[in-house]
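Structure record follows, encoded as structure tokens.
Chain letters run A, B, ... following the sequence lines, proteins first, then strands; residues in each count from 1. Any value given below was found using the heavy atoms of this structure, including those in side chains, with hydrogens, waters and symmetry copies removed.
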Protein chains: 2
Amino acid sequence: MEKIPIEKLATVLKLLGDKTRLTIVSLLNERECCVCEFVELLDMSQPSISQHVRKLKDANIIKESRKGQWIFYSLNKDNEFYPVIISVLQHVPHQEEKLIQLEKLGKTIICD
Amino acid sequence: MEKIPIEKLATVLKLLGDKTRLTIVSLLNERECCVCEFVELLDMSQPSISQHVRKLKDANIIKESRKGQWIFYSLNKDNEFYPVIISVLQHVPHQEEKLIQLEKLGKTIICD
DNA sequence: TAATTATATAAGTATATGCTTATATGTCAA
DNA sequence: TTGACATATAAGCATATACTTATATAATTA
């Protein structure tokens with residue numbers, strides 16, 4: 001098991017210690033999502049979501065990939081913190097439901 | 001595996017997302033400690049430590065037991081968050097070293 | 001009982017955080 | 001090229017956070 005210095009780990013936990021960001025990370029553990037989906041699911045303003053996403057991206061916890069108009073985010077599995085994040089997410093209820101709900105509303109983004 | 005609502009978990013992670021508190025919790029995973037030991041080990045003021053400890057206690061993450069002049073703190077294993085905390089602590093290097101150091105300095109508290 | 005030690009609490013303060021509104025950037029499609 | 005859409009960024013602001021110093025409380029010991 002890869003150990004992480006306390007200071008670094010504290011930084012990551014602080015990032016996860018926010019309802020919005022924890023939900024985002026949890027959703028990304030199901031599948032990649034784009035910003036507008038977070039806005040829809042979390043019922044928050046676009047700039048607010050964008051700022052949270054940026055913090056996660058700056059910490060290398062998530063990565064982005066542009067697909068045309070949209071930017072999709074996904075968990076960065078290569079990051080040294082990925083194992084801790086998975087450890088934490090084990091304790092969170094699955095988020096599929098919300099994503100299925102989104103699909104029913106026809107608000108899922110598909111661009112393949 | 002006991003699932004924890006995202007909001008609650010975020011609160012716990014926010015508490016752990018501080019270097020001082022994460023270290024305290026990590027030390028308590030080795031053995032119970034009293035406040036003056038934290039002050040010594042973390043090289044912080046007594047009120048500062050006391051305030052961090054209170055936050056952890058208020059969240060029921062740790063519990064106290066007075067032994068004469070001293071108040072010892074330990075992880076509250078009955079708490080619903082205990083499993084998550086253990087999950088997180090798995091990723092942290094062991095803290096025994098620091099406690100052994102403390103003993104060598106004769107600053108360990110023994111009151112049995 | 002008075003002095004000492006351990007801890008908690010209160011009040012003040014500087015900085016961090018998370019939102020808001022407004023605007024900029026980037027892509028697509030008519 | 002213009003308009004529409006998706007996203008990012010900037011600036012401002014209210015609240016939260018983590019210290020500090022000063023003081024209170026509680027137990028111990030001389």
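Here B:Arg54 does not reach the OP1 or OP2 of C:dA8: none of its side-chain N or O atoms lies under 4.0 Å away. Within the 4.0 Å cut-off from OP1 or OP2 of C:dT27, at least one side-chain nitrogen or oxygen of A:Arg66 is found.
Atom CD in A:Glu37 sits roughly 18 Å away from atom P in D:dC5 (whole-Å rounding). Here C:dT4 presents its C1' atom at 12 Å from CH2 of B:Trp70, a figure rounded to the nearest Å. Between the P atom of C:dT7 and the CD1 atom of B:Ile24 lies a distance of 12 Å, rounded to the nearest Å. In this structure, the CZ atom of A:Phe72 is 14 Å from the C1' atom of C:dT27, given to the nearest Å. Taking atom CG on A:Leu56 and atom P on C:dG18, their separation rounds to 11 Å, with Å as the unit. For A:Leu13 and C:dT17, the CG to C1' distance is 17 Å, given to the nearest whole Å. Between the CG atom of A:Asp43 and the P atom of C:dT20 there is a distance of 10 Å, rounded to whole Å. In this structure, A:Phe38 places its CZ atom 15 Å from P of C:dC19, rounding to the nearest Å.
To the nearest 0.5 Å, atoms CD1 (B:Ile61) and CG (B:Leu15) are separated by 5.0 Å. Taking CZ of B:Phe38 as the reference point, atom SG of B:Cys33 lies at 4.5 Å (rounded to 0.5 Å).
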Return a table of donor-acceptor pairs under 3.5 angstrom between the side chains of residues 41-56 of chain B and protein atoms on other chains or two or more places apart.
| from | atom 1 | to | atom 2 | distance (Å) |
| --- | --- | --- | --- | --- |
| B:Ser45 | OG | B:Ser48 | N | 3.2 |
| B:His52 | ND1 | B:Arg21 | NH1 | 3.1 |

Which pairs of donor and acceptor atoms, one on a side chain in residues 78-89 of chain A, lie under 3.5 Å apart (sequence neighbours left out)?
| from | atom 1 | to | atom 2 | distance (Å) |
| --- | --- | --- | --- | --- |
| A:Asn79 | OD1 | A:Phe81 | N | 2.7 |
| A:Asn79 | ND2 | A:Asn60 | O | 3.0 |
| A:Glu80 | OE2 | A:Lys8 | NZ | 3.0 |
| A:Ser87 | OG | A:Pro83 | O | 3.2 |
| A:Ser87 | OG | B:His91 | NE2 | 2.7 |

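Heavy atoms of B:Tyr73 sit under 4.0 angstrom from primed sugar atoms or phosphate atoms, though from no base atom.
The backbone N or O of B:Gln90 sits less than 3.5 Å from a side-chain atom of A:Lys3, completing a donor-acceptor pair.
Listed nucleotides: D:dA8, C:dA8, D:dA27. Nearest to the side chain of A:Glu64: D:dA8. Across D:dT7, D:dA26, C:dA8, the shortest atom-to-atom separation from the side chain of A:Gln46 is found for D:dT7.
Residues satisfying the side chain to side chain donor-acceptor pair (under 3.5 Å) criterion with A:Lys98, sequence neighbours excluded, are A:Gln95. For A:Lys19, the salt bridge (Lys or Arg N to Asp or Glu O under 4.0 Å) partners are B:Glu7, not counting sequence neighbours.
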Where do N or O atoms of nucleotides 28-30 of chain D meet protein N or O atoms at under 3.5 Å, pair by pair?
none

Find every protein N or O atom lying less than 3.5 Å from an N or O atom of nucleotides 15-21 of chain D, and list the pairs.
| from | atom 1 | to | atom 2 | distance (Å) |
| --- | --- | --- | --- | --- |
| D:dA18 | OP1 | B:Asp18 | OD2 | 3.3 |
| D:dA18 | OP1 | B:Arg21 | NH2 | 3.3 |
| D:dA18 | OP2 | B:Arg21 | NH1 | 3.1 |
| D:dA18 | OP2 | B:Lys55 | NZ | 2.8 |
| D:dC19 | OP2 | B:Ser48 | OG | 2.9 |
| D:dC19 | OP2 | B:His52 | NE2 | 2.8 |
| D:dT20 | OP2 | B:Ser45 | OG | 3.0 |
| D:dT20 | O4 | B:Gln51 | NE2 | 3.1 |

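At a threshold of 4.5 Å between non-hydrogen side-chain atoms, the residues B:Leu75 and B:Ile62 count as touching.
Minimum heavy-atom separation, B:Phe72 to B:Cys34: CD2-N, 3.9 Å.
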